[in-house]
Protein chains: 2
Amino acid sequence: MSSTEDRLDDLLGYHLRRGQLRAFGAFAELLAPSGLTPMLYGVLATVAARPGDGQRDIAAALGADPSTMVRLIDQLEGRGLLRRVTHTTDRRTSVPTLTAEGRALLEHATPLVHASEERFAAALSAAERAQLLRLLRRLDGAAVPEPGALSSG
Amino acid sequence: MSSTEDRLDDLLGYHLRRGQLRAFGAFAELLAPSGLTPMLYGVLATVAARPGDGQRDIAAALGADPSTMVRLIDQLEGRGLLRRVTHTTDRRTSVPTLTAEGRALLEHATPLVHASEERFAAALSAAERAQLLRLLRRLDGAAVPEPGALSSG
DNA sequence: TATTGTTATACTCTATAACTATA
DNA sequence: TATAGTTATAGAGTATAACAATA
């Protein structure tokens with residue numbers, strides 16, 4: 001009723017957190033068997049999307065710390081989903097590269113991820129989901145700066 | 001091609017997470033001096049909004065675990081922002097109750113929280129923010145997965 | 001001297017299970 | 001027997017700082 005009761009309900013941050021928890025939960029329900037967390041899936045997808053990028057670039061694209069990325073890459077490499085390939089000209093840089101298994105798992109997981117999205121966003125119509133996605137992209141700002149990319153929202 | 005590069009950019013969960021991180025960061029920038037985290041603010045606001053509720057109810061309202069709530073209440077009580085008042089008829093129940101200091105801090109913090117929202121959502125117009133809030137509320141409104149049901153790994 | 005990746009470490013947040021005291 | 005709160009503990013997840021190899 002009064003402003004006292006609505007303090008949290010009026011906050012984007014509050015609902016963003018709750019929405020993310022729901023999204024994470026739905027992800028876990030469908031993808032637990034694959035052993036993938038949202039972050040591990042994000043790494044696989046980003047490695048696939050940015051071939052040739054070093055770990056630091058992958059980390060930056062995901063908003064993660066380089067030392068955090070080491071552990072994530074360790075996990076994925078330990079499961080044979082990717083390999084660290086030394087960069088052709090800069091031997092400091094290791095380029096995460098998907099193995100056949102990694103690519104297969106990514107292809108297997110992606111429809112499950114979309115299914116989890118449809119599950120936790122079932123309260124919204126397709127048009128509303130698209131609208132929500134559009135607004136969230138704008139919120140993120142210029143999303144991930146990609147080499148040679150175009151837009152600016 | 002596009003399906004490969006857009007795997008993450010098409011996901012609500014991905015953008016919800018990034019949005020929440022942005023919200024959390026903006027909150028920290030403005031609220032760090034107060035010593036409040038988003039969750040601690042949420043507890044204060046919920047205690048204010050639900051006088052007479054026990055810790056378990058407060059926890060449920062925030063989607064948190066009862067044992068997690070103990071620690072949060074501990075922190076707030078240790079700083080003199082609330083007190084545990086034994087329930088009138090059920091002596092098992094402790095009712096978190098704001099002190100004058102707690103209420104004052106809540107009143108002080110709330111405009112700062114709104115300022116942090118305006119900061120991290122600056123890319124959106126007022127109408128877009130309202131629309132985003134509506135959609136996120138609808139998302140939250142659907143059956144909330146229980147806290148324990150999510151993490152079975 | 002700067003940069004990439006790595007390691008060691010610590011800190012935060014949260015959940016699980018066992019325990020207490022009430023009911 | 002069931003419930004509210006608590007405790008101890010463990011598991012993610014992440015960040016900071018120091019270090020080695022390379023540029």
Side-chain angles (χ1 to χ4, degrees), chain A residues 17-18 20-25 27-28 31-32 35-43 47 50 52-78 82-97, chain B residues 17-18 20-22 24-25 27-28 31-32 35-43 47 50 52-78 82-97 145-153:
Chain A
R17 170 181 169 272
R18 294 187 71 102
Q20 193 231 326
L21 287 178
R22 287 176 59 84
F24 199 103
F27 188 106
L31 292 169
L36 289 179
T37 63
M39 194 50 160
L40 287 173
Y41 176 80
V43 174
V47 166
R50 305 173 71 116
D53 274 16
Q55 291 184 198
R56 183 172 292 265
D57 301 307
I58 305 295
L62 285 165
D65 190 89
S67 71
T68 299
M69 191 53 52
V70 171
R71 299 199 141 195
L72 294 165
I73 298 286
D74 280 350
Q75 291 179 61
L76 296 171
E77 190 177 38
L82 56 75
R83 280 189 314 246
R84 285 172 162 100
V85 177
T86 301
H87 192 275
T88 328
T89 63
D90 187 340
R91 297 172 44 79
R92 293 174 304 183
T93 304
S94 92
V95 178
T97 308
Chain B
R17 171 181 168 272
R18 293 187 72 102
Q20 193 230 325
L21 286 178
R22 288 175 60 86
F24 199 104
F27 188 106
L31 277 294
L36 289 180
T37 63
M39 195 50 162
L40 287 174
Y41 175 80
V43 175
V47 167
R50 304 171 72 118
D53 274 17
Q55 291 183 198
R56 183 171 292 264
D57 301 307
I58 305 295
L62 286 164
D65 190 89
S67 71
T68 300
M69 191 53 52
V70 172
R71 299 201 141 191
L72 294 165
I73 298 285
D74 279 349
Q75 292 179 60
L76 297 172
E77 190 177 38
L82 56 76
R83 280 189 315 244
R84 285 172 162 101
V85 177
T86 302
H87 192 277
T88 329
T89 61
D90 188 339
R91 296 172 45 78
R92 293 175 303 183
T93 303
S94 92
V95 178
T97 308
E146 296 144 26
L150 316 182
S151 63
S152 58

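Per chain, numbering begins at 1; letters A, B, ... match sequence-line order. From a predicted model like this one, the values you see are computed outputs, not experimental measurements.
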If you assign V70(B) and R17(B) each to the DNA chain D nucleotide with the nearest heavy atom, which residue ends up on the more 5' nucleotide?
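The residue closer to the strand's 5' end, by nearest nucleotide, is V70(B).
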Could you tell me the separation between the [atom1] atom of [X] and the [atom2] atom of [N], rounded to a whole number of Å?
X	N	atom1	atom2	result
H87(A)	dT3(C)	NE2	P	17 Å
Y41(A)	dG13(D)	OH	P	17 Å
Q55(B)	dT7(D)	CD	P	10 Å
D90(B)	dA4(D)	CG	P	8 Å
R84(A)	dA21(D)	CZ	C1'	15 Å
D74(B)	dA8(D)	CG	P	11 Å
F24(B)	dG13(D)	CZ	C1'	13 Å
R83(B)	dG5(D)	CZ	C1'	19 Å

Can you say whether a donor on the side chain of R92(A) sits under 3.5 Å from an acceptor on the base of dT3(C), or the other way round?
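Looking at the base of dT3(C), it does pair with a donor or acceptor on the side chain of R92(A) (distance under 3.5 Å).
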So, is S67(A) close to the dT6(C) phosphate, meaning a side-chain N or O under 4.0 Å from OP1 or OP2?
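No, no such contact exists.
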CG of L36(B) to CG of L76(B): how many Å apart, nearest 0.5 Å?
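So the CG of L36(B) and the CG of L76(B) are separated by 7.5 Å.
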How long is the gap from CD1 on I58(A) to CE on M69(A), to the nearest 0.5 Å?
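If I round to the nearest 0.5 Å, the distance is 7.5 Å.
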Which nucleotide sits closest to the side chain of [X]: [options]?
X	options	value
R91(A)	dT14(C), dT22(D), dT7(C)	dT22(D)
M39(B)	dT6(D), dT14(C), dG13(D)	dT14(C)
R71(A)	dG13(D), dT14(D), dT6(D)	dT14(D)
D65(A)	dA4(D), dT9(C), dT16(D)	dT16(D)
P66(B)	dT14(D), dT7(C), dT6(D)	dT6(D)
T93(A)	dC13(C), dG5(D), dT4(C)	dT4(C)

Determine the contact category for T86(B): base if any of its heavy atoms lies under 4.0 Å from a base atom, sugar-phosphate if only primed atoms, P, OP1 or OP2 are that close, otherwise nothing.
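No contact.
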At 4.0 Å (heavy atoms only), tell me whether T68(B) reaches a base, stays on the sugar-phosphate, or touches nothing.
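Base: the residue T68(B), judged by heavy atoms under 4.0 Å, touches a nucleobase.
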Given side chains that start at C-beta, do those of [X] and [Y] come closer than 4.5 Å, heavy atoms only?
X	Y	value
Q55(B)	P66(B)	no
R84(A)	D74(A)	yes
V47(B)	T97(B)	no

